[in-house]
Amino acid sequence: SMPVVRRSLPLPLLGNRASPISTFGPPHLDADLAVPALTAFLRHVWAPVLIQSVPRDGAAWEALTAAGQVAEVERWHRAGLQVSGSFDAWFERNFERKRRKEYRRLKARLAEAGHLVARSLAPGEDPLPWISRFLDVEAASWKGGRGTALKSDAKATAALRDACTALARHGRLRFWILELDGRPIAALYATVDRGQAWLGKIAFDPAFAKFSPGVLVVLHATERIFAEGGIALVDSCAIPGHPMIDNIWRDRIAMADVVVAHPGFSRAAFAATAMAERARRLGHAALRGLRNRMTGRHRS
């Protein structure tokens, strides 16, 4: 399944629609029927389709290229974690001595402020209390102040609870929380399937920002992922150049936004659509750059 939105300018184009809890870019497909399902979908729609955030390698990319015409409109990399060996070995290899010392110092200082506990969702445990605590932490962050926290959107909150409940039922949900004196101060969750994991949203209480609780909960999650075994790759699902996760997870996953169409669609019209989408993005980037120069954001 893939919800789509329609756009008529500069040329007719459909696009995958993202929700506030979206993790995946490509459509959800049965692994055994991916190509025929995509082929049928592309023949059914009336215009090319823009699919954003497609991993450049793997089953989704192979299915898209086998089902129809594919043109990249943008490519980038985002942070990932290749899981091999032990957490301790990864920690030593991944960070220089000064950074390792700083992370240990932050954790020790936070523990001095109260009783610090790092928790992980146990198999078979009810995820609803974990979701509620995550929503509370996110609402206490800057997102709550801007009205963009999930808790301010009843439909998104209900969707998150339904999705996490279903994932937990099948053993595919992971959840990690840092608590200080029983109060959640950072939370993170992930979806797991077939040896791979995808991070969901992360939240932390800004009252404890000086201790970098977001970093500490990612390190806790990383340690538990190594200890679990069976997971070979974790996709951060973060924006390219994310200032936090990029400095913790140093592996990179090649991503692309692509325009796709069924094999019988006019090749000239398809090429023009892909070119128009690239031009539209370049225009938006130029306008953002001009706005940032005028407002001084480039200096911050």
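Just so we're clear, the structure is a prediction, and the values are computed from it rather than from any experiment. For the single chain, residues carry numbers from 1 onward in sequence order.
- A chain of hydrophobic side-chain contacts below 4.5 Å, direct or via other Ile, Leu, Val, Met, Phe, Trp or Tyr residues, connects Val260 to Leu38.
- In Met275, the CE atom is not crowded: 12 or fewer heavy atoms of neighbouring residues, nucleotides or ligands sit closer than 6.0 Å.
- Ion pairing between Glu138 and Lys151 fails under the 4.0 Å rule for side-chain N and carboxylate O.
- In this structure a side-chain-to-backbone donor-acceptor pair under 3.5 Å is missing from Asp205 to Phe208.
- Atom CG of Asp257 and atom OG of Ser53 lie 5.5 Å apart (nearest 0.5 Å).
- Ile51 and Ile253 fall into different hydrophobic clusters, defined by Ile, Leu, Val, Met, Phe, Trp and Tyr side-chain heavy atoms under 4.5 Å apart, directly or through other members.
- One finds the CZ atom of Arg250 at 11.0 Å from the CD1 atom of Ile245 (value rounded to the nearest 0.5 Å).
- Side chain of Arg267 to main chain of Gly264: no donor-acceptor pair is present (N/O by atom type, distance under 3.5 Å, no hydrogens or angles).
- Between Phe87 and Phe226, the two ring planes are perpendicular [angle over 60°; tilted spans 30° to 60°].
- For the residue pair Val217 and Trp176, the shortest heavy atom distance occurs at CG2-O, 3.9 Å.
- Side chain to side chain, Ser236 and Trp198 fail the donor-acceptor criterion of an N or O pair below 3.5 Å.
- Using modelled atom types, one side-chain atom of Asp153 and one backbone atom of Lys155 make a donor-acceptor pair closer than 3.5 Å.
- How far CZ of Phe265 is from CZ of Arg43: 12.5 Å, rounded to the nearest 0.5 Å.
- With hydrophobic clusters built from ILVMFWY side chains whose heavy atoms lie under 4.5 angstrom apart, Met244 shares a cluster with Leu199.
- Within 6.0 Å of the CZ atom in Arg6, the count of heavy atoms belonging to other residues, nucleotides or ligands does not exceed 12.
- The cluster map of Ile, Leu, Val, Met, Phe, Trp and Tyr, joined by side-chain heavy atoms under 4.5 Å apart, puts Leu110 and Val137 in different clusters.
- Listed here is the closest heavy atom pair of Leu135 and Thr157: CD1-CG2, 3.6 Å.
- Asp193 contributes atom CG, which lies 9.0 Å from atom CG of Leu167 (distance to the nearest 0.5 angstrom).
- Placement of Leu13 and Val73 within a single hydrophobic cluster is found when ILVMFWY residues are connected by side-chain heavy-atom separations under 4.5 Å, directly or transitively.
- For residues 134-161, the pairs satisfying ring pair (Phe, Tyr, Trp, His ring centres under 6.0 Å) are Phe134-Tyr189, with sequence neighbours left out.
- The pair Glu277-Arg7 counts as a salt bridge, with a side-chain nitrogen and a carboxylate oxygen less than 4.0 angstrom apart.
- In this structure a side-chain-to-backbone donor-acceptor pair under 3.5 Å is missing from His262 to Thr39.
- Note: Arg56 CZ to Glu72 CD = 4.5 Å, rounded to the nearest 0.5 Å.
- Each ring pair (Phe, Tyr, Trp, His ring centres under 6.0 Å) pair with one or both residues in residues 92-124, not counting sequence neighbours, appears once here: Trp90-Phe95, Phe91-Phe95, Phe95-Tyr103.
- A salt bridge links Arg252 to Asp246: one of the charged nitrogens lies within less than 4.0 Å of a carboxylate oxygen.
- Glu223 meets the salt bridge (Lys or Arg N to Asp or Glu O under 4.0 Å) test with no other residue; sequence neighbours excluded.
- In this structure, Phe211 CZ and Ile185 CD1 are separated by 8.5 Å, a value rounded to the nearest 0.5 Å.
- Using a cut-off of 4.0 Å between Lys/Arg side-chain N and Asp/Glu carboxylate O, Arg105 and Glu102 are scored as salt-bridged.
- The existence of a salt bridge linking Arg224 and Glu228 is excluded, since no basic side-chain nitrogen approaches an acidic carboxylate oxygen closer than 4.0 Å.
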